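A short write-up of the structure that comes next.
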2 protein chains.
Amino acid sequence: MYSAAMSTQERLIESTRELLWERGYVGTSPKAILERAGAGQGSMYHHFKGKPDLALAAIRRTAEELLASAEAVLDSPGTPYERIAAYLRRERDVLRGCPVGRLTMDPDVMADPDLRAPVDATLASIRARIAEIVELGKEQGQFASTLDAGEIASAVVATVQGGYVLARASGSPDAFDAGVRGLLALLAPPRR
Amino acid sequence: MYSAAMSTQERLIESTRELLWERGYVGTSPKAILERAGAGQGSMYHHFKGKPDLALAAIRRTAEELLASAEAVLDSPGTPYERIAAYLRRERDVLRGCPVGRLTMDPDVMADPDLRAPVDATLASIRARIAEIVELGKEQGQFASTLDAGEIASAVVATVQGGYVLARASGSPDAFDAGVRGLLALLAPPRR
DNA sequence: GTCTATATACCGATAGAC
DNA sequence: GTCTATCGGTATATAGAC
């Protein structure tokens with residue numbers, strides 16, 4: 001349930017975002033969305049063409065927010081290593097998983113080009129942004145010049161996405177943190 | 001459809017394993033299982049108490065097979081680095097995702113302790129096995145003694161699990177391979 | 001062991017009153 | 001814009017014939 005100040009359309013999008021995060025697309029029914037939003041069937045089909053259309057609005061917003069917050073952390077001041085460390089260590093609701101990454105396991109999302117596009121674009125943008133930072137670190141001599149920036153960026157994002165899997169499997173955020181620490185130890189510039 | 005040599009019970013388990021991999025628990029209906037197995041309702045409820053019971057048999061078998069094949073690769077001959085590289089590089093149906101890891105995104109699996117246990121146990125065992133190998137590498141001087149074996153193991157498994165996410169998002173195995181190469185570059189012993 | 005018939009609830013969507 | 005009524009189809013399970 002949401003504040004009465006939020007429009008019905010907004011409440012529908014927000015409740016869909018929550019349910020997609022918790023249960024995925026296949027596991028989210030219009031009925032559940034409506035109950036959480038405190039709306040009736042008519043409202044949903046007035047504002048949206050159907051479940052896929054509403055899900056698209058929800059996914060787009062979630063993708064935008066994730067990208068914006070990730071870029072904010074990556075653009076924080078510091079050395080390239082520190083900026084990547086800040087991204088890896090930033091506060092996360094680890095056991096809930098990644099609201100964007102989890103959609104890749106949803107066959108109905110992956111099968112629909114419209115639903116899939118924001119997921120693809122978000123992860124690609126974050127990888128590209130991290131690759132730029134690694135490249136900068138190579139130029140500054142903080143990272144070995146032999147490293148491939150795109151590969152390191154992929155490893156960084158994969159460690160985060162896989163960390164969610166390990167954490168959820170074990171029921172504890174510890175596994176996520178362990179993976180992050182392991183990667184950072186490998187990435188750390190040699191002390192002098 | 002399966003060979004007539006396979007019992008109905010076996011066909012039910014095998015078709016459930018496939019569907020859990022493709023669509024997850026929530027997205028897999030008894031009807032779909034029965035169609036793929038070429039069996040009727042009666043057979044399923046004769047051999048299994050219901051959907052959760054059949055899913056448990058399927059998940060247990062998938063978990064056993066994954067663990068066995070992972071251990072086989074990890075125990076192949078070579079230096080610790082080579083054994084971990086063999087694990088990271090082993091042939092995978094990348095775009096299908098991990099049949100065990102994907103279950104962590106299924107709320108109904110995570111909510112049922114019986115269904116969840118094999119998922120947790122499998123990933124924990126693989127992490128522990130890799131940690132042993134890292135420890136061996138530290139003793140042999142191939143890895144820096146400052147590294148934490150458990151953390152490196154977590155990073156290795158997270159890179160694999162997250163690599164599936166990146167690959168599925170982008171629709172190409174390239175992102176998986178990039179992450180693996182990135183991690184291996186960071187893990188590689190210094191050349192002499 | 002396997003089949004068909006049946007049951008209750010929910011799915012996603014539409015119609016039309018207010 | 002929002003509501004309720006209704007729809008055909010499916011989800012999961014049970015009953016009982018063969």
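Here is the naming used below: chain letters follow the sequence lines, and residue numbers restart at 1 for every chain. Remember, it's a predicted structure, so these values are computed and weren't measured experimentally.
Ranked by how close their nearest DNA chain C nucleotide is to the 5' end, A:Lys49 and A:Lys31 are led by A:Lys31.
Rounding to whole angstrom units, CZ of residue A:Arg23 and C1' of C:dC10 are separated by 13 Å. Atom CD of A:Gln41 is separated from atom C1' of C:dG16 by 14 Å (rounded to the nearest Å). Distance B:Leu54 CG to D:dA13 P: 10 Å, rounded to the nearest Å. In this structure, A:Leu12 places its CG atom 14 Å from P of C:dA13, rounding to the nearest Å. Atom pair B:Phe48:CZ and D:dT14:C1' shows a separation of 18 Å (rounding to whole Å applied). The nearest whole Å value for the distance from the OH atom in A:Tyr25 to the P atom in C:dC11 is 13 Å. Rounding to whole angstrom units, CD of residue A:Glu35 and C1' of C:dA9 are separated by 13 Å. Look at CE on B:Met44: it is 10 Å from P on D:dT14, rounded to the nearest Å.
In the hydrophobic clustering of ILVMFWY residues, with side-chain heavy atoms under 4.5 Å counting as a link, A:Leu103 and A:Leu56 come out together.
Here D:dC3 is the nucleotide among C:dT2, C:dG12, D:dC3 with the atom lying nearest to any side-chain atom of A:Ala39. The listed nucleotides are D:dC3, D:dG1, C:dG1; the one nearest the side chain of A:Ser43 is D:dC3.
Remark: the backbone N or O of A:Ala155 is paired with a side-chain donor or acceptor of A:Thr159 at under 3.5 angstrom.
Dense packing is recorded around CZ of B:Arg92, with more than 12 heavy atoms of other residues, nucleotides or ligands lying under 6.0 Å away.
Taking side-chain N and O atoms only, A:His46 has no distance below 4.0 Å to OP1 or OP2 of D:dC3. OP1 and OP2 of C:dT14 both lie 4.0 Å or more from every side-chain N or O belonging to A:Tyr45. For B:Ser29 and D:dA11, the shortest distance from a side-chain N or O to OP1 or OP2 is below 4.0 Å.
In terms of heavy atoms, A:Val109 sits closest to A:Tyr25 at CG2-CB, 3.5 Å.
Among the protein residues, B:Gly50 comes within range of the sugar-phosphate backbone only, with heavy atoms under 4.0 Å from sugar or phosphate atoms but none that close to a base.
By the 6.0 Å and 45° rule, A:Arg96 does not stack over the aromatic ring of A:Phe176.
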